[in-house]
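This report concerns only the one structure given below.
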Amino acid sequence: MNLYALLFLVAGLGIIAWLTGRARAARFGSTSEHRLHSLPGQHGLYVALWTTVPALLFVIVWWAVTPMLATDAVIKSPQALQLPAFGYERDAILNEVRARADGSEYGFYPLAEQLAPLYAHASSFYAWLGSGLALLLAFACGAFAYTRVKADFRARTRVERTVMLVLLVASLIAILTTLGIFLSLLFESIRFFSMVPVTDFLFGTTWSPQVIDPADPGKTLGAVPLFWGTFFIGAVIAMLVAIPFGLMSAIYLTQYARPVVRKWMKPMLEILAGVPTVVYGYFAALTVGPAIRDLAVSLGFTYASSESALAAGLVMGVMIIPFVSSMADDSIAAVPSAMRDGSLAMGATSSETICKVLLPAALPGVVAGVLLAVSRAIGETMIVVMAASGAANITANPFESATTVTKQIVDLLTGEAEFDSPKTLAAFALGLTLFLITFLLNIVALRVVKKYREAYE
Amino acid sequence: MTELNSPQTTAPPKMAAQGVNVFYGEKQAIRDVSLDVDMDNVTAFIGPSGCGKSTFLRTLNRMNDTVASARVEGLITLDGENIYDRSMDVVQLRARVGMVFQKPNPFPKSIYENVAYGPRIHGLASGKADMDQIVERSLKRAGLWEEVKDRLQDSGTALSGGQQQRLCIARAIAVDPEVILMDEPCSALDPIATAKIEELIHELRGRYAIVIVTHNMQQAARVSQRTAFFHLGTLVEYGETDQIFTAPRQERTKDYITGRYG
């Protein structure tokens with residue numbers, strides 16, 4: 001049976017279950033001397049949930065395993081003896097069998113054409129079987145729930161609990177994904193560190209993955225230049241732009257701007273945050289980079305690169321401005337207006353009030369905003385991929401080129417990648433390091449914010 | 001009107017308002033209010049919620065300037081000088097006319113820094129020793145010195161509500177103002193803390209001209225010598241506190257005093 005038809009049927013059964021459950025509850029409500037514990041609608045919902053949810057779960061599982069069962073059936077058939085025993089070709093033929101059974105008309109293997117009807121037959125059999133089982137399950141569970149509907153049955157509690165469960169699952173998905181990402185990074189990194197000593201990676205100052213000595217891969221996989229470049233571009237240059245401008249725009253918007261100005265300027269600033277980073281990348285690579293090179297040359301740095309750390313950092317800083325600004329805006333606005341009035345009533349000017357009362361009071365929030373901004377900046381990829389160079393230098397000269405962790409990850413994983421060489425696995429170790437650093441920054445920032453909130457409530 | 005609104009005084013008034021109107025946008029909050037505040041007496045503003053007494057108080061040190069939609073008409077003078085004149089520096093004005101708010105609002109700084117804030121921004125102290133002296137004197141006048149002298153570096157927000165309010169009074173008197181405006185200073189405090197503030201007001205009387213807005217009529221009767229009754233943005237009656245509470249001239253005042261409304 002078609003999957004959609006089945007889902008439609010189950011949904012229909014659910015509606016019927018809701019109606020009958022509700023009707024039964026209503027009947028109890030009118031005949032029994034006890035008052036109904038829950039509303040008839042809640043009883044209906046309870047029956048409907050029992051009817052649909054187990055059946056749907058079953059359908060999900062069944063449709064996931066059906067291809068395997070059908071493939072098994074194909075392999076057990078006499079024609080399948082012609083299949084190559086193992087390896088790439090066998091998988092390719094089986095893939096083609098599945099594709100043909102699903103209606104594709106192209107293929108390379110005549111054998112696949114023979115096997116396709118078998119597969120189609122088997123999978124249609126399993127689909128019918130699955131549909132039958134699903135409907136049976138829907139009926140059985142629905143009937144079970146239906147018999148439980150009584151005047152004093154606590155359907156409301158059960159339905160609430162189901163709702164809670166659904167919400168819990170939804171929130172767990174994000175957390176489990178994070179955990180999954182972390183674990184996959186961790187396992188690949190462990191493979192990497194079995195080939196390259198941790199100390200070489202964390203403290204080595206030479207990074208050139210193009211020339212790896214198989215005898216001592218750690219020699220050219222020292223990540224210090226990358227950490228330095230990331231720190232220099234993301235945490236120094238970008239923040240030198242983002243913190244002053246973000247903070248000043250927040251002060252202007254909260255303290256000086258008239259409501260009309262604020263109404264227009266704040267959304268415009270937020271649009272800046274919505275510009276895709278790849279567009280910033282163009283801007284950095286094609287406009288800012290060459291302009292800075294020309295400036296550097298005119299200042300006497302003859303070998304200035306157009307892929308300077310300054311270009312990437314400046315543009316990244318501009319990208320972060322709205323982020324810092326909106327965090328600072330929130331924390332300044334959270335300072336009770338009584339503080340501001342108190343200071344103004346003492347005869348302080350607006351700027352004295354801001355410097356001496358509002359900013360100190362808002363400081364924890366601002367610091368947290370800056371930490372979050374740093375963690376965004378060092379994780380930022382597109383701008384540095386387009387505008388920063390691949391040369392791993394340790395330099396404090398902003399006109400020279402520097403590279404970042406994210407840029408190197410992209411470089412390591414693009415092109416032909418063998419997933420067991422130290423070169424490729426280094427990307428995962430870099431990813432893990434970056435993950436841990438941003439994770440720590442976020443935790444610190446959230447703690448600071450939390451502490452700050454407690455101070456005022 | 002002049003007779004009604006100006007109780008008999010000998011000295012020239014410290015502050016005087018003549019025909020003051022205040023608007024928030026289109027809405028008029030104060031209608032044609034004229035009254036004098038003198039140096040030797042505590043003046044209380046009473047009236048039901050929303051009657052404009054706090055609004056009027058805030059015109060006296062131009063705190064309404066911080067509200068974008070507020071507009072003030074009429075004449076308000078401090079020692080005969082129009083405080084809404086172009087030549088009047090609002091920073092100077094607020095140094096001379098201090099304010100204490102409804103909810104204690106110490107800055108999230110140390111007790112010492114809270115009191116030193118005003119002298120510092122106005123450059124009143126010539127050195128550390130001088131500042132120490134100003135802080136000590138202000139805290140003593142606010143009756144808080146004995147309680148906090150050993151912990152001046154603790155945060156001002158860690159004090160109890162009543163102590164915080166006295167800290168705010170100390171902060172206001174640290175710049176040596178001539179007038180102190182108090183906007184329901186006890187409404188967030190318990191009875192014991194309230195009693196302490198009232199006692200403090202008695203002690204400060206004479207040194208500063210004090211104007212206090214209060215919801216509490218007993219409080220007005222206890223702390224003030226002059227009482228102004230506001231209703232619906234107008235000044236209904238202004239006179240000696242005893243007279244207002246024992247023999248109000250206006251019917252509306254009498255109704256309010258006897259608890260008929262408000």
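Labels below follow one simple rule: chain letters A, B, ... track the order of the sequence lines, proteins then strands, and each chain is numbered from 1.
Counting non-hydrogen atoms of neighbouring residues, nucleotides and ligands closer than 6.0 angstrom, the CZ atom of A:F439 reaches no more than 12 such neighbours. More than 12 heavy atoms of other residues, nucleotides or ligands sit less than 6.0 Å from atom OH of B:Y24. Crowding of A:F283 atom CZ: a count of heavy atoms from other residues, nucleotides or ligands under 6.0 Å not exceeding 12. No more than 12 heavy atoms of other residues, nucleotides or ligands sit less than 6.0 Å from atom OH of A:Y282.
To the nearest 0.5 angstrom, A:R340 atom CZ is 13.0 Å from B:N105 atom CG. Note that CZ of B:R120 is 12.0 Å distant from CD of A:E352, once rounded to the nearest 0.5 Å. Interatomic distance, B:N61 CG to A:M346 CE, rounded to the nearest 0.5 Å: 11.5 Å.
Proximity to chain A (any heavy atom under 4.5 Å) is shown, for B:V100, by neither the backbone nor the side chain. Within the 4.5 angstrom heavy-atom criterion, only backbone atoms of B:P106 (N, CA, C, O) approach chain A. Within the 4.5 angstrom heavy-atom criterion, only side-chain atoms of B:Y117, from C-beta onward, approach chain A.
Residues B:R58 and A:D341 form a side-chain contact, since some pair of their non-hydrogen atoms from C-beta on lies under 4.5 Å apart. Residues B:K103 and A:P336 form no side-chain contact, since every pair of their non-hydrogen atoms from C-beta on lies 4.5 Å or further apart.
Against chain A, the residues from residues 159-173 of chain B that qualify, each with a non-hydrogen atom under 4.5 angstrom away, are B:R171, B:A172 in number order. At a heavy-atom separation below 4.5 angstrom, chain B is approached by no residue within residues 366-377 of chain A.
Between A:G342 and B:F101, the shortest heavy-atom distance links the atoms CA-CE1, 3.6 Å. Closest non-hydrogen pair, B:I121 versus A:K356, comes out as CG2-NZ, 3.6 Å. Taking every heavy atom of both residues into account, A:G347 and B:H122 meet most closely at O-CE1, 3.4 Å.
Interface check for chain B: of the options A:P259, A:P360, A:S343, A:S350, the most heavy-atom pairs under 4.5 Å are formed by A:S343.
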